[in-house]
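First listed ligand is number 1; within each ligand, the first listed atom is number 1.
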Amino acid sequence: MARLVMKFGGTSVADLDRIRNVARHVKREVDAGNEVAVVVSAMSGVTNSLVGYTKEAAAIHDAREYDAVVASGEQVTSGLLSIVLQDMGVDARSWQGWQIPIRTNEAHGAARIKSIEGKTLIERLERKQVAVIAGFQGLAPDNRIATLGRGGSDTSAVAIAAAIEADRCDIYTDVDGVYTTDPRIVAKAQRLDRVAFEEMLEMASLGAKVLQVRSVEMAMIHGVRTFVRSSFDDPDAPQVGAGGLPPGTLICDEDEIVEQQVVTGIAYSKDEAQISIRNVADKPGVASNVFIPLAEASINVDMIVQNISPDGKSTDITFTVPESDYERARQVIESNLEGIGFENIEGATDVVKVSVIGMGMRSHAGVAAECFRGLAEKGINIRAITTSEIKISVLIDSAYTELAVRTLHSLYGLDG
Ligand code: ADP
Ligand code: ASP
Ligand code: MG
């Protein structure tokens, strides 16, 4: 017997037929004698349309009311799946975030989970009742519903797995695991059997949206064994394979990975905008005049490139921000650079960040050089570069996204 968390994403619960299919996956685990907590997303497309309503109601709106609206999608799915499970003879009960409760901080719209009361849930699980929990939501200190940011049901699932000390957290989605890159854009992408927490964290932060970044952080901190698998598999197929698990990807500790590749995967993110400040005075305090006001406006700056000025008088600063913060970032800079002197601000939103990720880079030279050569041979110009011990990111024109991802994918021998 094991204690499992099973999380089902939007496409996995898109309609009643798919919900019935999900229920069969749940029933299989219950019949095998396991204790099961399920976490569900809203039915595919529902969250997008709820977000759309809030924008249409008023372009600028109260984040608490945004949460009241967008959290409702998961409530519907948790009730529907409970009804279907009960109809199949499985004892099941729905749970909203506030009923558990899942407590979050005050950041409505992008709240972080602070604590989860696992006691009541565990009591129910021990009585062999399936808990069907609405993902993506919790209870903020103001006693109001808070949502966890887009894709947040992954984080709900991992956090619950940690709180109830589950043996495994299964993330059922529309692909059968984590691939070397997004299988929707590279047909030759290959499924990875195991990915280390650190690598998965980089892949998710750099655009592989198969897992929300915070869910990976949470899994890493609490050591939650997280298994990404397909909900489209036959629920009644025997659960064979390594460790009694079907095809999928285990996110685990680095030492559980026997053969470490130099490069594990390629990710891309289109949610990027580039801002360049031309001929800004080259003197102490300029960078802080740019970046402190951006931080105060809660704008996340990612890549930063500053030239050494040839004459010691003026230089260029280039950096990237999320595309949704582009206009705001420009305004913040314009109003803070007055009196410092600069020629102009230029920007672009038709840019993409492509990243090469791999733990093996720590002990291998030349990985970055190969990346630059590969892109140059295809005539792809690089606008900015950042690196860490286990990743290289380049900012390029978005028109070259697929070409760049495919080129790097085969360059590092990842093609299947
Ligand atoms: P869910 O609704 O189940 O949460 P998501 O759409 O959030 O599913 O995440 C699954 C999608 O992530 C896949 O359909 C795939 O297109 C995309 N994806 C991006 N990068 C990767 C990757 N490296 N491996 C697998 N899937 C990826
Ligand atoms: N329904 C939410 C979203 O679409 C949360 C999730 O699916 O994880 O972002
Ligand atoms: Mg998701």
Side-chain angles (χ1 to χ4, degrees), residues 6-14 18 22 25 39-52 66-67 69-78 97 109-111 113 133-138 145-160 169-193 195 199-216 226 228-232 247-249 251 263-271 354-358 401-402 405 408-409 414 416:
M6 305 173 76
K7 181 259 170 179
F8 296 93
T11 33
S12 306
V13 293
R18 299 236 39 95
V22 160
H25 278 285
V39 174
V40 287
S41 288
M43 296 160 86
S44 169
V46 167
T47 310
N48 283 347
S49 75
L50 293 171
V51 170
Y66 165 93
D67 279 346
V69 176
V70 302
S72 64
E74 274 69 12
Q75 174 159 347
V76 172
T77 327
S78 64
I113 295 177
I133 302 160
F136 185 49
Q137 51 165 270
I145 296 173
T147 60
L148 309 179
R150 297 306 305 271
S153 297
D154 296 330
T155 305
S156 310
V158 175
I160 286 161
C169 180
D170 283 351
I171 306 281
Y172 287 80
T173 183
D174 56 5
V175 274
D176 62 357
V178 177
Y179 278 67
T180 45
T181 192
D182 188 346
R184 281 193 206 165
I185 77 158
V186 179
K188 290 178 181 162
Q190 299 185 72
R191 193 183 60 238
L192 296 157
D193 287 335
V195 181
E199 271 171 336
M200 193 64 233
L201 192 58
E202 288 286 5
M203 283 179 74
S205 346
L206 296 168
K209 67 163 197 151
V210 58
L211 287 175
Q212 199 200 31
V213 179
R214 284 181 189 169
S215 70
V216 187
T226 305
V228 180
R229 55 189 292 181
S230 172
S231 74
F232 289 73
T249 303
I251 321 293
V263 170
T264 309
I266 316 287
Y268 65 95
S269 160
K270 291 190 168 168
D271 179 25
V354 176
S355 307
V356 177
I357 301 129
T401 311
E402 293 188 13
V405 173
L408 297 174
H409 197 265
L414 299 174

Exercise answer, ligand 1 polar atom pairs (N/O) under 3.5 angstrom:
residue: ligand 1; atom: 2 (O); partner: G10; partner atom: N; Å: 3.1
residue: ligand 1; atom: 3 (O); partner: T173; partner atom: OG1; Å: 2.6
residue: ligand 1; atom: 4 (O); partner: K7; partner atom: NZ; Å: 3.2
residue: ligand 1; atom: 6 (O); partner: K209; partner atom: NZ; Å: 3.2
residue: ligand 1; atom: 8 (O); partner: T173; partner atom: OG1; Å: 3.1
residue: ligand 1; atom: 14 (O); partner: D174; partner atom: OD1; Å: 2.8
residue: ligand 1; atom: 14 (O); partner: D174; partner atom: OD2; Å: 3.4
residue: ligand 1; atom: 14 (O); partner: R184; partner atom: NE; Å: 3.3
residue: ligand 1; atom: 14 (O); partner: R184; partner atom: NH2; Å: 2.7
residue: ligand 1; atom: 16 (O); partner: D182; partner atom: OD1; Å: 2.9
residue: ligand 1; atom: 16 (O); partner: R184; partner atom: NE; Å: 3.0
residue: ligand 1; atom: 23 (N); partner: Y179; partner atom: O; Å: 3.0
residue: ligand 1; atom: 24 (N); partner: Y179; partner atom: N; Å: 2.9

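To the nearest 0.5 Å, atom CE of residue M200 and atom OG1 of residue T249 are 8.5 Å apart. We find the OG-CG distance between S231 and D170 to be 12.0 Å, quoted to the nearest 0.5 Å. For the atom pair CE of M43 and OG of S12, the computed distance is 12.0 Å after rounding to the nearest 0.5 Å.
Side-chain polar atoms of T180 and Q190 form no donor-acceptor pair below 3.5 angstrom.
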Item to complete: In sequence, state the C-alpha distance, the side-chain angles, and the governing distance for V210 and V228, and then conclude on side-chain contact (heavy atoms from CB on, under 4.5 Å).
Response: CA-CA 9 Å; V210 58; V228 180; 4.2 Å; yes
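Ordered by chain and residue number, the residues placing a heavy atom less than 4.0 Å from ligand 2 are S41, A42, T47, E74, F136, R150, G151, G152, S153.
Because its NZ or CZ atom is not both nearer than 6.0 Å to the ring centre of Y179 and within 45° of the ring axis, R184 does not count as a cation-pi partner of that residue.
With hydrogens and angles disregarded, no donor-acceptor distance shorter than 3.5 Å links the side chain of T264 to the backbone of G358.
Residues passing the ring-ring contact (aromatic ring centres under 6.0 Å, His included) test with F8 are Y172, sequence neighbours excluded. Residues passing the side-chain hydrogen bond (donor to acceptor under 3.5 Å, both in side chains) test with S156: none are found, sequence neighbours excluded.
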